[in-house]
Amino acid sequence: MSNEMNKVLDQALKENKASEQDESVKQSSKQSSNFTLPRIAAMLVILLSIPLIYQSFRWAMADMNAYPVRYAIERWQSSDEVVTLAALDKATDDIDTSLSWSANNAEYYELKARLVHYRGLLYAEQIREQREQASEQASEQASGHTTEQPADGSSVVTSKVSSENKPEASFEVKAKGSSEDKAKQVSELTANFETTIRQALSLHETAIQHRPHWPYSWANKSLMKAYLGEFDEDFSTAIAQAAKFGPWELSANLTVLEAGLMGWRHLAPDLKMQIVAAAERATEHRFQSVRSLLDRYTLRYPVCAQMTRTPAQKKLCQ
């Protein structure tokens with residue numbers, strides 16, 4: 001009887017010990033699980049954050065290089081500072097670096113297009129200087145009698161730039177000269193000017209692809225088309241889109257007005273009315289800028305004749 005009791009007690013002790021061991025294993029497993037889950041969650045958060053951190057770094061690097069370009073363009077627009085080729089080269093390097101970090105940024109393409117536009121104006125200034133020198137030489141050779149005659153058969157290209165998005169500059173390109181060398185230089189410069197403006201046009205179109213509702217890119221596209229003398233369906237579309245997406249944006253309206261005045265004599269009546277509408281909207285904000293453009297192209301009275309004549313417009317046209 002005593003032996004049986006001992007066996008029962010031994011068995012109970014073994015079972016109790018085994019139960020305690022099982023409970024200890026369960027608790028250890030639970031603690032291990034509770035410790036592992038937070039670590040896994042933290043690692044997942046870190047892994048998911050890496051692409052976001054990297055993308056943020058790319059955006060920061062792109063904007064850091066674009067900032068001096070924005071500042072330079074704003075400074076050139078608001079002052080009489082002469083834009084040099086060296087300054088353009090530096091700004092172009094900066095914006096190219098921005099595009100290398102953020103290749104789908106519409107603003108960066110727009111900024112680069114404006115830099116290319118400035119470069120085109122430098123070519124235009126050189127053309128004007130060559131024309132003036134040729135004219136002076138021709139006058140001297142003619143003993144004080146000025147004569148103008150095409151030297152290379154190239155067409156007349158006349159344009160002036162004035163808006164918040166453009167440099168204050170003007171140029172006149174005419175096929176005239178007094179020597180073969182001058183004519184050749186002018187022809188090369190004119191070709192460079194056209195190539196540069198086409199590059200600016202392409203950049204504005206790329207900006208539009210990335211941000212199709214941006215009125216400034218549409219307005220600037222119309223201006224580049226006007227420089228090239230291409231008053232076609234694309235030109236009309238650019239004018240319409242600029243008005244659609246930015247009807248009260250002053251700089252867009254001034255740019256559209258500039259483009260329209262450049263090709264005024266080539267425009268259909270309905271397109272002329274769109275240009276007049278841009279002039280009317282811009283007049284409500286800054287009639288002095290509108291008057292300056294109209295007088296520059298000697299078109300104040302033709303445009304004023306089609307305006308609705310609000311108080312601001314009456315002040316413009318008087």
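Between the side chain of R286 and the backbone N or O of L254 there is no donor-acceptor pair closer than 3.5 Å. With hydrogens and angles disregarded, no donor-acceptor distance shorter than 3.5 Å links the side chain of S202 to the backbone of R198. Between the side chain of S292 and the main chain of S289, no donor-acceptor pair closer than 3.5 Å is present. Remark: the backbone N or O of W248 is not paired with any side-chain donor or acceptor of R281 at under 3.5 angstrom. Of the possible polar contacts, one joining the N105 side chain to the Y108 backbone as a donor-acceptor pair under 3.5 Å is found. A distance-only check finds a donor-acceptor pair linking the side chain of E280 to the backbone of T308 [under 3.5 Å]. Listed for the S98 side chain is a donor-acceptor partner under 3.5 Å among the backbone atoms of A66. The backbone N or O of Y123 lies less than 3.5 Å from no partner atom in the side chain of N192, so there is not a single donor-acceptor pair. With hydrogens and angles ignored, the 3.5 Å screen pairs a side-chain donor or acceptor of S236 with a backbone N or O of D232. With R309 contributing its side chain and K314 its backbone, the two residues share no donor-acceptor pair below 3.5 Å.
No side-chain heavy atom of E230 sits under 4.5 Å from any side-chain heavy atom of D234.
The OH atom of Y109 sits 13.5 Å away from the CD atom of E205 when rounded to the nearest 0.5 Å. Rounded to the nearest 0.5 angstrom, R114 CZ and Q77 CD are separated by 6.5 Å. Distance check: F235 CZ to H266 NE2 gives 10.5 Å after rounding to the nearest 0.5 Å. Rounding to the nearest 0.5 Å places SG of C304 at 10.0 Å from CD of Q318. Taking CG from L99 and CG from D94, the interatomic distance works out to 11.5 Å, rounded to the nearest 0.5 Å. In this structure, CG in L267 is found 12.5 Å from CE in M273, a value given to the nearest 0.5 Å.
For the residue pair A91 and V69, the shortest heavy atom distance occurs at O-CG2, 3.4 Å. Among all heavy-atom pairs drawn from P247 and N253, the shortest one is O-ND2, 2.9 Å. Nearest heavy-atom pair, C317 versus Y301, reported as atom, atom and distance to 0.1 Å: O-CE2, 4.3 Å. Annotation for A226 and A259: closest pair CB-O, 3.7 Å, computed over non-hydrogen atoms. Contact between L201 and K221 at its shortest, heavy atoms only, is CD1-CG, 3.6 Å. For the residue pair R58 and S102, the shortest heavy atom distance occurs at NH2-N, 4.5 Å.
Side-chain atoms of Y216 and E110 include no donor-acceptor pair closer than 3.5 Å. In the model, Y227 has a side-chain atom that pairs as donor or acceptor with a side-chain atom of H117 under 3.5 Å.
Linking Ile, Leu, Val, Met, Phe, Trp and Tyr residues whenever their side-chain heavy atoms come within less than 4.5 Å leaves V256 and F245 in two separate clusters. Hydrophobic clustering (side-chain heavy atoms under 4.5 Å, transitive across Ile, Leu, Val, Met, Phe, Trp, Tyr) groups L85 together with V116.
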Inset, instruction - Go through the steps for W76 and Y118 under the test ring pair (Phe, Tyr, Trp, His ring centres under 6.0 Å), then give the verdict. - result: CA-CA 10 Å; W76 295 336; Y118 273 106; 5.1 Å; yes
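Judged as a side chain to side chain donor-acceptor pair (under 3.5 Å), the pairs with a partner in residues 60-74 (not counting sequence neighbours) are, in order, D63-R70, R70-E107.
For F287, the ring-ring contact (aromatic ring centres under 6.0 Å, His included) test picks out no residue, with sequence neighbours left out.
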